[in-house]
Amino acid sequence: MTHPAQQTIHDILDRQLTPSQKKAVFHREGPLLVIAGPGSGKTRVITCRIAALIDSGVHPHNICAITFTNKAAEEMRQRAIALGASGGAHISTFHSLCVRILRRYAQQAGINPNFSIYDSADQTRCIKDAVKNCELDATSFPPGRMLNAISTLKNKLITPDAFSRQADDYFSKTLAKVYARYQDILKEHNALDFDDLLMDAAFLLERSADIRNELSNRFKFLLIDEYQDTNHAQYRIARALASAHDNICATGDPDQSIYRWRGADIRNILAFERDWPAAVVVKLEENFRSTPNILEVADRLIAHNQKRKEKTLVPTRPPGQDAAVREFDDEADEAKGVARQIQQLVRKGIGFTDIAVFYRINAQSRALEEAFIRSKTPYQIVRGVEFYNRKEIRDILAYLKILVNPSDEISLLRIINNPPRGLGKTTIDKVRDYASRRGLTLYDALKNARQIDTIPDAAKIRLTAFLNMIENFKKDAVLDISAGENSKLKIENRKLSVAQLAERIFKESGLEKSLKEQGAEGKDALENIDELINAASLYDRQTEAPSLIDYLQQISLFSDVDVYDPACRRVALMTLHCAKGLEFDHVFIVGAEEGLLPHEQSADEDDEIEEERRLFFVGITRAKTTLHISHARYRTIRGQLLRTIPSQFLFELGLESSETDYVIPAQAGIQLSNISEDDERLVQNIKSKIENRKFRRGDIVLHKKFGLGTVKDFTDIGEDSSVVVAFNTGQVKSLLLKYANLKKL
DNA sequence: CATAGCCGCCTTTTT
DNA sequence: GGCGGCTATG
């Protein structure tokens with residue numbers, strides 16, 4: 001029997017795959033480890049493998065592929081279908097898979113299936129409460145540090161109980177208490193954080209042999225991409241899912257492991273053969289992406305990592321241009337330089353889509369953005385979560401979350417008096433107090449508002465009105481997927497789609513009115529809400545069984561790269577972390593300076609430096625044709641102009657330093673432009689910029705917010721210099737120089 | 001109870 | 001130099 005899929009897959013096999021790629025694609029039963037260097041066609045191997053499995057008679061339903069991002073999952077789905085594989089294979093991230101498992105087996109996992117997923121802002125609120133409840137000082141136990149520590153524990157599947165048993169010093173003991181309280185708070189809110197999704201799923205699978213067997217037998221073939229960046233919880237989940245058959249195929253590259261800080265454990269991939277002794281190992285070392293010039297640079301850099309299995313990148317493309325390292329005065333200059341280079345590429349007929357700029361930290365995007373606007377270079381900043389972090393978006397989403405999960409106190413407190421409806425702190429505190437005395441959730445306490453004696457009648461009426469409004473929204477919502485196929489039916493029964501519901505809430509909650517009253521100020525917000533409603537209606541149309549809870553959980557797992565649109569003709573700007581898995585013809589990496597790349601927070605430990613090096617390696621190996629690396633001599637960090645030191649990685653790439661300047665070894669093949677730059681001129685330039693930061697009485701200055709003004713006083717005490725300005729608006733302000741961004745005219 | 005204005009915090013990377 | 005949170009004031 002020949003069906004089209006078979007034809008296609010054999011075509012690809014014969015014409016396009018290398019022998020080692022074939023070996024991975026057609027490996028049938030048992031564990032398989034694919035160690036794939038950058039640009040080795042790994043993604044294609046995985047999609048071909050999915051197609052080949054289906055082709056050989058495996059039902060798509062029995063295949064589970066796990067990718068690193070939702071974007072990668074979506075792409076893989078489409079590629080597999082393009083190869084002739086019918087849809088139906090489960091392809092998603094670990095987190096999405098865990099959400100599905102936890103919803104399906106909620107009862108056995110001991111959770112309510114309508115759980116909210118808390119992001120870092122929600123987590124911060126909870127941890128602050130937890131620290132407060134433990135009667136601790138927030139300054140000695142800062143929320144960020146606590147959350148980090150808890151996240152690390154969860155990634156290692158250490159429960160509060162287990163941790164409190166092993167805690168021996170004061171900090172650990174305190175942390176154990178906070179961790180336990182934090183978990184209780186989440187439980188009370190019926191919420192899980194990102195790490196809980198993994199931890200709860202892992203424990204569920206390990207505790208219940210039935211569920212483990214059921215899932216392992218459903219997913220007879222398990223494929224895990226980017227295995228080098230899995231954490232311990234994910235490893236345990238993978239092990240459980242493969243337990244019935246050992247048909248686990250892991251792919252990855254230890255040299256591209258860049259998420260150690262998030263709990264990723266490189267030992268997972270290094271120990272794969274120990275965990276699955278029968279594993280067949282396939283190495284893909286040929287690189288089909290980059291020119292030998294680029295690969296040489298990448299190779300030379302990564303060779304400096306000590307803890308590494310030697311691996312070579314075998315180029316297959318003909319030689320091209322050498323990588324260029326450029327030096328600039330400061331970040332504005334650097335951004336301008338990048339924009340100029342891009343214009344040159346474009347003049348040669350290269351499309352904006354084929355160009356990307358990578359940086360270490362998000363804050364670096366600002367200078368680039370300014371330069372791109374000025375040079376009219378179209379760009380897209382790949383930062384997806386930003387949209388969902390906007391105040392107005394979070395507001396609407398909080399209303400939606402309350403509908404599915406009334407226990408979600410964080411969301412409830414966000415909206416109860418937003419827009420203002422006369423429910424201030426005093427009233428809310430009284431309800432909270434009542435709730436905690438009766439052991440009720442805040443939402444249930446609202447239902448009893450009339451019985452709370454301390455609350456004045458007027459406030460009782462407002463509380464009830466709020467509650468009625470929410471209950472009213474709830475009536476029209478398709479909350480649940482448990483209805484499954486019925487949900488389309490429900491929509492016919494005059495239930496509202498997610499988009500319609502969001503729109504109704506926006507109008508009837510008063511949010512729209514309050515934004516409109518703000519006039520121009522609220523204009524952006526109104527547009528954002530429009531965009532949210534559009535995105536929701538896209539969800540409604542593209543999802544088989546749309547439901548509010550599914551929608552909310554999906555967008556909670558939305559990531560930065562998920563917004564990257566290769567089809568829009570713009571230069572892509574993103575962090576090096578986001579760049580993983582992507583490729584571009586022309587790549588710019590900016591800010592190759594000590595403290596930035598490698599980042600100062602990672603400068604202490606060798607392991608951390610090695611990870612920074614891998615991060616740079618990932619960036620370099622995204623480039624197909626040309627690679628441009630740059631650094632600036634001065635950079636403004638937290639409002640201060642600092643002299644920088646070129647990144648040690650530049651020297652490892654083949655740059656050597658003499659006392660005053662850089663010398664390029666002949667064999668290194670790296671061009672250093674701007675080298676003839678007149679140092680005198682540079683110093684003048686920088687000096688005048690610094691000089692610009694000194695003021696005298698009577699100087700006319702321009703401030704972004706307050707406009708023109710006259711300097712009344714200036715105290716020059718270095719970085720904390722302050723300046724007193726009488727603005728033409730009549731206001732007299734004392735401003736800290738390092739933050740004020742005053743322009744001398 | 002609402003609002004404006006001030007203080008102090010944080011800034012690495014993200015599912 | 002932005003933002004949330006707190007406080008003083010209306």
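None of these values were measured; they are calculated from a predicted model. Here is how names work: the chains are called A, B, and so on, in the same order as the sequence lines, proteins then strands, and each is numbered from 1.
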Nucleotide N/O to protein N/O under 3.5 Å, stretch nucleotides 1-5 of chain B:
residue: B/dC1; atom: OP1; partner: A/Gly424; partner atom: N; Å: 3.4
residue: B/dC1; atom: OP1; partner: A/Thr427; partner atom: OG1; Å: 2.4
residue: B/dC1; atom: OP2; partner: A/Thr426; partner atom: N; Å: 3.4
residue: B/dC1; atom: OP2; partner: A/Thr426; partner atom: OG1; Å: 2.0
residue: B/dA2; atom: OP1; partner: A/Gly422; partner atom: N; Å: 2.9
residue: B/dA2; atom: OP2; partner: A/Asn417; partner atom: ND2; Å: 3.0

Could you state the [atom1]-[atom2] distance from [X] to [N], rounded to the nearest angstrom?
{"X": "A/Arg145", "N": "B/dT12", "atom1": "CZ", "atom2": "P", "result": "14 Å"}
{"X": "A/Arg635", "N": "B/dT12", "atom1": "CZ", "atom2": "P", "result": "15 Å"}
{"X": "A/Ile361", "N": "B/dC10", "atom1": "CD1", "atom2": "P", "result": "17 Å"}
{"X": "A/Asn148", "N": "B/dT13", "atom1": "CG", "atom2": "C1'", "result": "11 Å"}
{"X": "A/Glu612", "N": "B/dT13", "atom1": "CD", "atom2": "C1'", "result": "8 Å"}
{"X": "A/Leu192", "N": "B/dT15", "atom1": "CG", "atom2": "P", "result": "18 Å"}
{"X": "A/Asn155", "N": "B/dT13", "atom1": "CG", "atom2": "C1'", "result": "15 Å"}
{"X": "A/Gln234", "N": "B/dT14", "atom1": "CD", "atom2": "C1'", "result": "12 Å"}

With a 6.0 Å cut-off (strictly less than), is the heavy-atom count around CZ of A/Arg100, excluding the residue itself, greater than 12?
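Open.
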Residue list, side-chain hydrogen bond (donor to acceptor under 3.5 Å, both in side chains) with [X], at least two apart or on another chain:
{"X": "A/His599", "answer": "none"}
{"X": "A/Glu334", "answer": "A/Ser630, A/Arg635"}
{"X": "A/Glu392", "answer": "A/Asn528"}
{"X": "A/Arg77", "answer": "A/Glu74"}

Under the side chain to side chain contact (heavy atoms under 4.5 Å, CB included) test, which residues partner [X], sequence neighbours left out?
{"X": "A/Thr152", "answer": "A/Lys156"}
{"X": "A/Arg462", "answer": "A/Leu423, A/Ala458, A/Ala459"}
{"X": "A/Ser92", "answer": "A/His90, A/Ser96, A/Leu97"}
{"X": "A/Glu75", "answer": "A/Lys71, A/Arg79"}

Determine the interplanar angle of the A/Phe649 and A/Phe616 rings, folded into 0 to 90°, and report it as parallel if under 30°, tilted if 30 to 60°, perpendicular if over 60°.
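Taking A/Phe616 first and then A/Phe649, their aromatic rings sit tilted (interplane angle of 30° to 60°).
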Return the nearest nucleotide to the side chain of [X]; candidates are [options].
{"X": "A/His599", "options": "B/dT15, B/dT12, B/dT14", "value": "B/dT12"}
{"X": "A/Asn362", "options": "B/dT12, B/dC10, B/dT14", "value": "B/dT14"}
{"X": "A/Arg366", "options": "B/dT15, B/dT12, C/dG1", "value": "C/dG1"}

For A/Cys578 and for A/Pro143, find the nucleotide of DNA chain B with the closest heavy atom, then tell me which residue's nucleotide is more 5'.
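The 5'-side residue here is A/Pro143.
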Could you pick out which residue, A/Leu557 or A/Gly144, lies toward the 5' side of DNA chain B when each is mapped onto its nearest nucleotide?
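Nearest-nucleotide comparison on DNA chain B picks A/Gly144.
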Does the side chain of A/Thr575 get closer than 4.0 angstrom to OP1 or OP2 of B/dT14 through an N or O atom?
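For A/Thr575, the contact criterion (side-chain N or O under 4.0 Å from OP1 or OP2 of B/dT14) is met.
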So, is A/Asn70 close to the B/dT15 phosphate, meaning a side-chain N or O under 4.0 Å from OP1 or OP2?
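No, outside the criterion.
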Sequence neighbours excluded - side chain to side chain donor-acceptor pair (under 3.5 Å) pairs with any residue from residues 120-132 of chain A
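The answer is A/Asp122-A/Arg394, A/Gln123-A/Tyr182, A/Gln123-A/Asp193.
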Output one line per pair: protein atom, nucleotide atom from nucleotides 4-6 of chain C, and distance, for all N/O pairs under 3.5 Å.
none

Hey, can you pull the residues of residues 251-263 of chain A with a non-hydrogen atom under 4.0 angstrom from DNA chain B?
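Only A/Tyr259, A/Trp261, A/Arg262 qualify.
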Does A/Arg262 count as lying over the ring of A/Tyr259, i.e. NZ or CZ under 6.0 Å from the six-ring centre, within 45 degrees of the axis?
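Flagged: A/Arg262 positioned over aromatic ring of A/Tyr259.
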